[in-house]
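These numbers come from a predicted model, not from an experiment.
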Amino acid sequence: MSSFEGYHPLLTPNFRFDWLTQFRLKQVSQLTHQDLAETAEWVNATMRHTMARTALTWGIERRATHKLVGWGGFERLNLQQKTGRTYLTGPKLPANEQQEIVNRLVHFAQEELGLDDLELEASTNLDTAVLAAAGLLQRGDVWHWQRH
């Protein structure tokens, strides 16, 4: 795919992943703890990285309530070398919700982006059992997945 345009929205049973520009700036601002101007600048920079195919970031909304619960995606993407780093940011969610989101991100990295090597920095907002269940192995402060 020459652009990431077709990669939104993504749906899971409980969540919708969509570009940050599809959410009200005030909602995003509340999660980032920045004022509206700073948030707008951040969203625009994030979308520039997405259009340059060096990152892929979605706002993550709970479908039942239409509440933005965080954002996540991929950074440090190198599609030629098939490497990248995934992340999930926002308030800590229940483990079953974390699992749904992390599984979607890992599967997307494998199937859609064709990555062979994926990292995720350890976070207090993510349960280690969730990461292990998604097939990631811990190496120091970084969780890692590699295609065999």
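Taking Thr39 as the reference, Leu25, Val28, Ser29, Thr32, Gln34, Val43 meet the side chain to side chain contact (heavy atoms under 4.5 Å, CB included) condition, with sequence neighbours excluded. Taking the side chain to side chain contact (heavy atoms under 4.5 Å, CB included) definition, one finds that Thr65 meets it with Arg62, Lys67, sequence neighbours left out. A search for side chain to side chain contact (heavy atoms under 4.5 Å, CB included) contacts involving Thr89 returns Trp71, Tyr87, not counting sequence neighbours. Residues that satisfy the side chain to side chain contact (heavy atoms under 4.5 Å, CB included) test with Asn96, not counting sequence neighbours, are Pro94. Partners of Lys82 under the salt bridge (Lys or Arg N to Asp or Glu O under 4.0 Å) rule, at least two apart in sequence or in another chain, do not exist in this structure.
Pairs passing the side chain to side chain donor-acceptor pair (under 3.5 Å) check and including a residue from residues 101-113, sequence neighbours excluded, read Gln99-Asn103. Within the structure, no pair that satisfies the salt bridge (charged side-chain N to carboxylate O under 4.0 Å, His left out) test touches residues 29-48, not counting sequence neighbours. Residue pairs satisfying the side chain to side chain donor-acceptor pair (under 3.5 Å) criterion with at least one member in residues 113-125, sequence neighbours excluded, are listed as follows: Arg85-Glu119, Arg85-Glu121, Asp116-Arg147, Asp117-His144. Judged as a salt bridge (charged side-chain N to carboxylate O under 4.0 Å, His left out), not a single pair has a partner in residues 71-80 (not counting sequence neighbours). Residue pairs meeting the salt bridge (charged side-chain N to carboxylate O under 4.0 Å, His left out) criterion with at least one partner in residues 123-136, sequence neighbours excluded, are Lys92-Asp127. Among pairs with a residue in residues 128-146, none fulfils salt bridge (charged side-chain N to carboxylate O under 4.0 Å, His left out), at least two apart in sequence or across chains.
The shortest side-chain heavy-atom distance between Leu126 and Leu88 falls under the 4.5 Å cut-off. You'll find the side chain of Trp143 stays beyond 4.5 Å of the side chain of Thr86, heavy atoms only. For the pair Gln138 and Leu131, the minimum side-chain heavy-atom distance is 4.5 Å or more.
In terms of hydrophobic clustering, with Ile, Leu, Val, Met, Phe, Trp and Tyr side chains grouped at heavy-atom distances under 4.5 Å, Val142 and Leu77 are assigned to different clusters. Note on Leu105: it clusters hydrophobically with Leu79, by side-chain heavy-atom contacts below 4.5 Å among ILVMFWY residues.
Atoms OG1 and CG, on Thr50 and Leu20 in that order, are 8.0 Å from each other to the nearest 0.5 Å. Considering CG of Leu56 and CH2 of Trp58, their distance stands at 4.0 Å, rounded to 0.5 Å. How far CZ of Arg24 is from CG of Leu36: 13.0 Å, rounded to the nearest 0.5 Å. One distance of note links CG of Leu136 with CG of Leu118; it measures 6.5 Å at 0.5 Å rounding. If you take CZ on Phe4 and CZ on Phe74, they are separated by 9.0 Å, rounding to the nearest 0.5 Å. Lys26 contributes atom NZ, which lies 14.0 Å from atom CG of Leu68 (distance to the nearest 0.5 angstrom).
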N/O donor-acceptor pairs under 3.5 Å from side chains in residues 8-17, not counting sequence neighbours:
{"from": "His8", "atom 1": "ND1", "to": "Asp18", "atom 2": "OD1", "distance (Å)": "2.6"}
{"from": "His8", "atom 1": "NE2", "to": "Glu5", "atom 2": "OE2", "distance (Å)": "3.2"}
{"from": "His8", "atom 1": "NE2", "to": "Trp19", "atom 2": "NE1", "distance (Å)": "3.0"}
{"from": "Thr12", "atom 1": "OG1", "to": "Phe15", "atom 2": "N", "distance (Å)": "3.0"}
{"from": "Thr12", "atom 1": "OG1", "to": "Phe15", "atom 2": "O", "distance (Å)": "3.4"}
{"from": "Thr12", "atom 1": "OG1", "to": "Glu100", "atom 2": "OE2", "distance (Å)": "2.5"}
{"from": "Asn14", "atom 1": "ND2", "to": "Glu100", "atom 2": "OE1", "distance (Å)": "2.7"}
{"from": "Arg16", "atom 1": "NE", "to": "Glu61", "atom 2": "OE1", "distance (Å)": "2.9"}
{"from": "Arg16", "atom 1": "NH1", "to": "Asp18", "atom 2": "OD2", "distance (Å)": "2.4"}
{"from": "Arg16", "atom 1": "NH2", "to": "Glu61", "atom 2": "OE1", "distance (Å)": "3.3"}
{"from": "Arg16", "atom 1": "NH2", "to": "Glu61", "atom 2": "OE2", "distance (Å)": "3.3"}

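Closest approach of Gly72 to Ile60, counting heavy atoms only: N-CD1, 3.8 Å.
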